Visitor: 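This is the structure I want to talk about, given as structure tokens.
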Amino acid sequence: MAQANAQNVTDNNEIFLVDGSGYIFRAYYALPQNLTNPHGVPVGAVLGFVNMMTKLLADMHAPFIAVIFDAARQNFRYDIYPEYKANRDETPEDLKPQFGLIREATKAFGIPALEMEGFEADDLIATYTRMAREQGKTVTIVSSDKDLMQLLTDGVRIFDPMKAKFMGPEDAFEKFGVTPDKVVDVQSLAGDPSDNVPGVPGIGIKTAAQLINEYGSLDELLARAGDIKQPKRREALIENAEKARISRRLVQLDDHAPVPVAFEDMRARDLHSPTLVAFLAEQGFKSVISRLGLKHDAPSSPDSIPAKAGIQTGPSMDSRLRGNATKGDTPISENVYTLINDIKTLQDWADQARAAGMVAVDTETTNLTPAMADLVGISMAITPGQAAYIPVGHKGQVDLLGGGDTTIPQLPLKDVIAVLKPLLEDESVLKIGHNIKYDLQMFAGIGINVTPVDDTMLLSYVLDGTEHGHGMDELSTLMLGHETIKYNDVAGTGKNQVTFDRVDIAKALDYAAEDADVTLRLHRILKPRLAQEKMVSVYEDIERAIVPVIAEMERTGIKVDTTVLKQMSHEFGMKLATLESAIHKLAGHEFNVASPKQLGVVLFDEMGLQGGSKTKTGDWSTAADVLEDLAAQGIEIVEKVLEWRQLAKLKSTYTDALQNDINPKTGRVHTSFSLAGTNTGRLSSSDPNLQNIPIRTDEGRRIREAFIAEDGHVLLSVDYSQVELRLAAALADVKALKQAFIDKVDIHALTASQVFGVPLDQVTPELRRAAKAVNFGIIYGISGWGLAKQLGCEPGEANEFIRKYLTRFREIQDYMEAKKDEARKNGFIKTVYGRKCVINNINAKNGAWRAFAERQAINAPLQGTAADIMKLAMARMPHALKQAGLSARMLLQVHDELVFEVPEAEIEQTAALVKHVMESVAHIDVPLSAEAGWGKNWATAH
DNA sequence: CGGTTCACG
DNA sequence: GACGTACGTGAACCGT
């Protein structure tokens, strides 16, 4: 940052005033460690303080320094406003003993620890700052407290020790929208929830800054409040003028505290004092002692050890995962695997597998995408350590003359099929795979319909959710303690990588047989856990049941019309070129419009547009909501940039990219659905992602015209309406909402009527829109700030909507609390069908993390149950269609929508059937509703 | 490879 | 006395 250079220099007359009380709270909440000293006293914040002080002294060479603390509780602000700081939480128990220790630490550094009855630390800092300036000294305030920004002036800077960053007037402006001398006025209007400073209701920092900049000062504003145009704002100011004045007295720091002037006592001492060493040793801060190169003769004490974090809720991951299942098994490293290249051995293995009743299988191929892949080999494992590999498509090493090596000893594919097909299709033999959805497609490609199957990836997913990943390599390390041979080790990397058909047979044997072996061993550990942990139903009824269904959807793919895409790409390309040159012209020079960094510089630095905000990395944000505000003011370049962005997205992500995803063999696009990726149980789609094809804008929606049905067919789209809201009504048992769904009333209008207290027939479109946003907010785990942003209103107003909603629908409030409790207790929530959704950080000290986790705890049961229901419907669909004699093929799932390709003659019957299956599959205490539409393409099917 | 932005439910 | 904001995804692009 530019100001850092100027501010980064300490002068030899400079006084460092450290906000000790502020630091201790921030350190306590920010530092993850749960440290105790040898006496068992928590010292996380103390260590943080010591580290901060040593760093400060070493880096800044502060010539004068003092640490300031709050004294006791009482001060004049409570007399002015008894509610001052009334909303503070109790000081955490493990923080209390650290206040005294930090004062001790300060003294051990040889630094004065200053406090004064009746004043807050901030007042003393203000006082010393004034006195120092009067004596011509410069001041650095060490604090993360924004309230101190009012003190910024010439010769005064603030150092934020948490962010290790200097602050100047620019930072005050960024935070409060005004120069430092007006910060108090803004705070008086906006109030401060953390100190319970009232301010003027309905006015936040942005509005306050705008008003103060316009009227010059708070007094001037209050005097002329009657002139304000906006009626709401005018009345709020007139009515709450006194509150604003009280707020000012609370916020304004008192820089005339009766303190002695004792700057000479603040002269910094040498760090190498016996007192400091003794203190550090006493606290067990050995690392600090050695870092500072200090020596001590005190008896050595153990270094601080992290206290046990959190509550143990069950057996440790390690013992639980490893179980006893591997005892007595052959260690994987000692296995000798079998290469099968004669028919007798193959038949022998097939017989053994049938006798065992289960076999782990795995396919090796030339490509990760089944639709692009050729089969290279098949591996199988029957008992741990007993595994074999059957090469069928190996081509031998690459010949310099380009010819294939024909001397690879492998069985003809048709012979292998003849032996394996009866086994793989035998209902009495369980086939175990890892991500067997892939292998099912490869086998389908050679006419084998593998059934029944188990999948270790899905077992792991159901049992442990997102506690860890579910790739085979990861599970092997975690649960078997075995490092698998890596694909790159056998196939090479980069440009030297070969496809599996070129891998040396001996290496291929080790790699492929090990995969089957590991899969089998994982199965022996995971399958028993299913019943022990009561996860049988989620696995059997939902996950396992959809594997063949999804495999078939992927294999089928969807037809895409390239001429439509090419046409659109061309059209978008032309428009983009025109827009780009217009943007460059308006900017006065060429730049990369796609670069947020360059764009931010052009708009906010060069053109000086106001109303920008920064991203967390400190760059200008050029996100759409920021730009839309500017575009609304009629700023041409911003309008063009928004248009450019939209078209560029459509072109690069959809119209261009999709053409490359069309499989040359099938002429269709085959997405990959991930079954074990999401926390809530949803599917996800990739390569390409067909779950985010545009629909919300007319221009984007046209891309759906390229998704078409085969000749003689139509695309059928059936989607659930408002599943998650219905589930909220059912799970929270809200009688009024459930009845509304039974009566098929407009749910958003009903909400509006209840929340805004108007009769149902008088709900305006505007009220309905707001109520709809509230309903969405409920599903997402509402926050006033988020709702306000959505509605473009003040957070205070949004909070009022939420309060009314939760008062009217008290059951929702109870439901939210119950889900948060469940997450706090278990670290996960369960859906109606029993799926675990992991919720991390629910007990975090950091409020932001905790709030995030609480919203997840509210949302996950709704999103997750909806996902379960959709999966159940999908699992039932093939059978239902078959029984009805219909030949529709399921192509896509988009969370609450299913897309089918249907013969024209069967469309009405199929639509009715799919709708019926979707509506009847769940046994939930609220009716579900699905709506069907069809047409020649996906745009008209809606 | 992380950050930003934006497409969907 | 602060955190950074609505939930869940995947892809393209920039810039280090």
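Please read these numbers as outputs of a predicted model, since none were measured by experiment. Below, read A as the first sequence line, B as the second, and so on, with proteins coming before strands; counting in each chain starts at 1. Computation of the quantities below employed the complete heavy-atom set of this structure, encompassing side-chain atoms and omitting hydrogens, waters and symmetry-equivalent molecules.
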Visitor: Scan A648(A) against the nucleic acid and name what it touches under 4.0 Å (heavy atoms): base, sugar-phosphate only, or nothing.
Guide: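 The residue A648(A) makes no contact with any strand.
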Visitor: Report yes or no: do Q646(A) and T697(A) form a side-chain donor-acceptor pair below 3.5 Å?
Guide: yes
Visitor: Using a 4.0 Å heavy-atom cut-off, does K651(A) contact any base of the nucleic acid, only the sugar-phosphate backbone, or nothing at all?
Guide: nothing
Visitor: Please work out if I695(A) contacts a base, only the sugar-phosphate, or nothing of the nucleic acid, heavy-atom cut-off 4.0 Å.
Guide: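 Sugar-phosphate, no base atom in range.
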Visitor: Need one value for T653(A): base, sugar-phosphate or nothing, where a base atom within 4.0 Å counts as base even if backbone is also close, heavy atoms only.
Guide: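 Sugar-phosphate, backbone atoms only, no base.
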Visitor: Measuring only the C1' atom in each nucleotide, how far is dG4(C) from dA7(B)? A whole number of Å is fine.
Guide: 24 Å
Visitor: So that I can tick it off, tell me whether E580(A) and K575(A) are bridged by a salt bridge, with the cut-off set at under 4.0 angstrom between side-chain N and carboxylate O.
Guide: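 No, K575(A) and E580(A) are not salt-bridged.
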Visitor: Which part of the nucleic acid, if any, lies within contact of N846(A), taking any heavy atom under 4.0 Å across all strands shown: a base, the sugar-phosphate backbone alone, or nothing?
Guide: base
Visitor: State which residues pass side-chain contact (heavy atoms from CB on, under 4.5 Å) with D145(A); sequence neighbours excluded, sorted by chain then number.
Guide: D19(A), R26(A), D122(A), S143(A), D147(A), L148(A)
Visitor: Remember a base hit wins even if backbone is also touched, and classify G781(A) as base, sugar-phosphate or nothing at under 4.0 Å, heavy atoms.
Guide: nothing
Visitor: Pairing donors with acceptors under 3.5 angstrom, does anything connect the side chains of T680(A) and R835(A)?
Guide: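 Judged by distance alone, the side chains do not pair up.
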Visitor: Check every strand shown and say whether E897(A) touches a base, only sugar-phosphate, or nothing at a heavy-atom separation below 4.0 Å.
Guide: nothing
Visitor: When rounded to the nearest Å, what value does the distance between P atoms of dT5(C) and dT4(B) take?
Guide: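 Here dT5(C) and dT4(B) have their P atoms 10 Å from each other.
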Visitor: With side chain to side chain donor-acceptor pair (under 3.5 Å) as the criterion, how do D656(A) and S569(A) come out once you've worked through the C-alpha distance, each side chain's angles and the decisive distance to 0.1 Å?
Guide: CA-CA 6 Å; D656(A) 287 354; S569(A) 280; 2.6 Å; yes
Visitor: Please determine, for dC13(C), whether a Watson-Crick or G-U wobble partner exists with both distances under 3.5 Å, and give it or none.
Guide: dG3(B)
Visitor: Within a radius of less than 6.0 Å around NZ of K96(A), do more than 12 heavy atoms belonging to other residues, nucleotides or ligands occur?
Guide: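 Check passes, neighbour count above 12.
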Visitor: Look at all strands and tell whether S21(A) reaches a base, only sugar-phosphate, or nothing, counting heavy atoms closer than 4.0 Å.
Guide: nothing
Visitor: When you check the gap from the basic side-chain N to the acidic O, do E854(A) and K819(A) get nearer than 4.0 Å?
Guide: no
Visitor: Relative to F828(A), does K836(A) satisfy both conditions: NZ or CZ under 6.0 angstrom from the six-membered ring centre, and within 45 degrees of the ring's axis?
Guide: yes
Visitor: To the nearest Å, give me how far apart CG (D619(A)) and P (dG15(C)) are.
Guide: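 Roughly 10 Å, once rounded to whole Å.
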Visitor: Reckon Q598(A) has a side-chain N or O less than 4.0 Å from the OP1 or OP2 of dG15(C)?
Guide: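 Affirmative; the distance criterion is met.
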Visitor: Which part of the nucleic acid, if any, lies within reach of N592(A) when heavy atoms closer than 4.0 Å are counted: base, sugar-phosphate only, or nothing?
Guide: sugar-phosphate
Visitor: Could a donor-acceptor pair under 3.5 angstrom be found where the side chain of Y29(A) meets the base of dG1(C)?
Guide: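 Counting by modelled atom types and ignoring angles, a donor-acceptor contact under 3.5 Å is found here.
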Visitor: So R850(A), base contact, sugar-phosphate only, or nothing? Heavy-atom distance under 4.0 Å.
Guide: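 No contact.
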Visitor: For G677(A) and for E90(A), locate the closest nucleotide of DNA chain C by heavy-atom distance; then report the residue assigned to the nucleotide nearer the 5' terminus.
Guide: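 Nearest-nucleotide comparison on DNA chain C picks E90(A).
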Visitor: Measuring from the side chain of S595(A) (C-beta onward, heavy atoms only), which nucleotide among dA6(C), dG15(C), dG8(C) has the closest atom?
Guide: dG15(C)
Visitor: Can you pull out the residues from residues 678-693 of chain A that lie within a 4.0 Å heavy-atom distance of DNA chain B?
Guide: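 Contacting residues: R682(A), Q691(A), N692(A), I693(A).
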Visitor: How far, in whole Å, is dG2(B) from dA6(C) if one measures between their C1' atoms?
Guide: 24 Å
Visitor: Does a sphere of radius 6.0 Å around CG in D698(A) hold more than 12 heavy atoms from other residues, nucleotides or ligands, not counting ones at 6.0 Å or beyond?
Guide: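 No, CG of D698(A) has 12 or fewer neighbouring heavy atoms, counting only those of other groups under 6.0 Å.
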Visitor: Which whole-number value in Å describes the distance from I858(A) CD1 to dT5(C) P?
Guide: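 Between P of dT5(C) and CD1 of I858(A): 18 Å.
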Visitor: Does R855(A) place a side-chain N or O at less than 4.0 Å from the phosphate oxygens OP1/OP2 of dA6(C)?
Guide: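 For dA6(C), neither OP1 nor OP2 has a side-chain N or O of R855(A) closer than 4.0 Å.
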Visitor: Salt bridge or not for K820(A) and E817(A), using N-O below 4.0 Å?
Guide: yes
Visitor: Hey, is R103(A) close enough to E115(A) for a salt bridge, meaning N to O under 4.0 Å?
Guide: yes
Visitor: Considering only heavy atoms of chain A and a distance under 4.0 Å, specify the first and last nucleotide of DNA chain B in 5' to 3' order that meet this criterion.
Guide: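 Here the contact window of chain A covers dG3(B) to dG9(B).
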Visitor: Using atom CG of L658(A) as one end and atom P of dA12(C) as the other, report the distance to the nearest whole Å.
Guide: 10 Å
Visitor: Compare the minimum distances between each of dA12(C), dG8(C), dG15(C) and the side chain of A657(A), then state the nucleotide with the smallest one.
Guide: dA12(C)
Visitor: Could you check whether Q856(A) gets within reach of a base, just the sugar-phosphate, or nothing at all, counting any heavy atom under 4.0 Å?
Guide: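 Sugar-phosphate contact only.
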Visitor: Have a look at A773(A) and say if it touches a base, only the backbone sugar-phosphate, or nothing, with a 4.0 Å heavy-atom cut-off.
Guide: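 It contacts base atoms.
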